[in-house]
Amino acid sequence: GDSVTQMEGPVTLSEEAFLTINCTYTATGYPSLFWYVQYPGEGLQLLLKATKADDKGSNKGFEATYRKETTSFHLEKGSVQVSDSAVYFCALSDLNTDKLIFGTGTRLQVFP
Amino acid sequence: DSGVTQTPKHLITATGQRVTLRCSPRSGDLSVYWYQQSLDQGLQFLIQYYNGEERAKGNILERFSAQQFPDLHSELNLSSLELGDSALYFCASSVRPQNTEAFFGQGTRLTVV
């Protein structure tokens, strides 16, 4: 079945460092891809999405490009802030299954 | 604020008991999803309803059941609770049955003692 694999955390960075969180997927068909973020004590919030190959999703300085050839959707940010500390989830949605399938989440810790 | 409301926020109950978690979707959203988040299992899809009908089923135990009412709110019923059912339970909603973009509530933290 469909699945999402994320790099394990925690990822620990200093403020203003470059961030990459790797995400690869396995799916039949052409899923939409998402990054969700979960701040401490809160629910998941949609961070960005891409619905077809080569689409780039972006929001709040974060970017991810839908790469069909490598089945990847890596999350990047050029300069992280302490306020970016959270758990980041990569997910896919297949139009045939009506389910959002999540990766295991990657905890990001940013220190001043 | 996502617009999805879950109650209660916290619930502590004993093994063997039954609880009901409630979810009010965003205004206009017809689709409701339930997820379980635990430390060892990550975020697991349980079940989806669309406009009152069950649409998709995931890793939901037979002791668990759900329904979506005519006013579109949904309830997740958990019975014969076990220690291992302790988790965060999230509800999410979207406009269409296909989960192209879902909005999550803040979750109900269930602790079974």
Side-chain angles (χ1 to χ4, degrees), chain A residues 1-10 21 23-25 27-53 55 57-59 64 66 73 86-107, chain B residues 1-10 21 23-26 29-51 53-60 68 87-109:
Chain A
D2 295 357
S3 65
V4 175
T5 302
Q6 285 182 241
M7 64 187 288
E8 290 204 13
I21 299 178
C23 170
T24 57
Y25 67 90
T28 53
Y30 303 96
S32 296
L33 300 174
F34 307 86
W35 278 100
Y36 280 82
V37 58
Q38 185 178 26
Y39 298 102
E42 298 187 14
L44 280 74
Q45 302 173 27
L46 179 65
L47 181 59
L48 53 84
K49 66 178 182 181
T51 57
K52 60 183 188 296
D55 266 3
S58 61
N59 185 25
Y66 190 142
F73 193 55
V87 180
Y88 293 81
F89 291 89
C90 185
L92 68 82
S93 170
D94 189 318
L95 290 180
N96 294 322
T97 63
D98 296 347
K99 289 189 294 188
L100 260 182
I101 297 171
F102 286 89
T104 52
T106 302
R107 181 176 299 279
Chain B
D1 182 2
S2 68
V4 178
T5 303
Q6 288 187 249
T7 56
K9 286 190 171 43
H10 303 277
L21 313 184
C23 169
S24 295
R26 288 189 325 153
D29 284 359
L30 300 179
S31 204
V32 169
Y33 313 80
W34 286 97
Y35 287 85
Q36 179 193 57
Q37 185 179 36
S38 58
L39 284 175
D40 56 343
Q41 296 276 352
L43 204 60
Q44 298 287 320
F45 168 75
L46 295 178
I47 198 165
Q48 177 199 2
Y49 281 81
Y50 176 71
N51 204 19
E53 299 289 327
E54 182 181 304
R55 178 88 177 178
K57 218 165 187 176
N59 300 323
I60 187 166
Q68 185 179 28
L88 256 176
Y89 291 84
F90 285 108
C91 169
S93 72
S94 65
V95 173
R96 296 185 296 278
Q98 291 87 6
N99 200 343
T100 54
E101 183 169 334
F103 295 84
F104 281 75
Q106 296 216 333
T108 293
R109 181 171 294 281

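Lettering follows sequence order; numbering is per chain, from 1.
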Open item on the list: Within the 4.5 Å heavy-atom criterion, are B:Phe45 and A:Ile101 side-chain neighbours or not?
Closed with: no

- [ ] Give a yes or no on whether B:Glu54 atom CD has more than 12 heavy-atom contacts from other residues, nucleotides or ligands under 6.0 Å away.
- [x] yes

Task: A:Gln38 portion near chain B, given a 4.5 angstrom heavy-atom threshold - done: side chain

Task: Rounded distance (nearest 0.5 Å) linking atom OG of B:Ser2 with atom CG of A:Leu46 - done: 11.5 Å

TODO: With side chain to side chain contact (heavy atoms under 4.5 Å, CB included) as the test, would you mind laying out the steps for B:Tyr35 and A:Leu100 before giving the verdict?
DONE: CA-CA 10 Å; B:Tyr35 287 85; A:Leu100 260 182; 3.0 Å; yes

- [ ] Please confirm whether the backbone N or O of B:Phe104 pairs with a side-chain atom of A:Tyr36, one donor and one acceptor, at under 3.5 Å?
- [x] no

Task: B:Gln44 versus chain A, the contacting section by heavy-atom distance below 4.5 Å - done: neither

Open item on the list: Quick check: do B:Gln37 and A:Phe102 have side-chain heavy atoms less than 4.5 Å from each other?
Closed with: no

- [ ] Taking the side chain as every heavy atom from C-beta outward, state whether B:Leu43 and A:Thr104 have any atom pair closer than 4.5 Å.
- [x] no

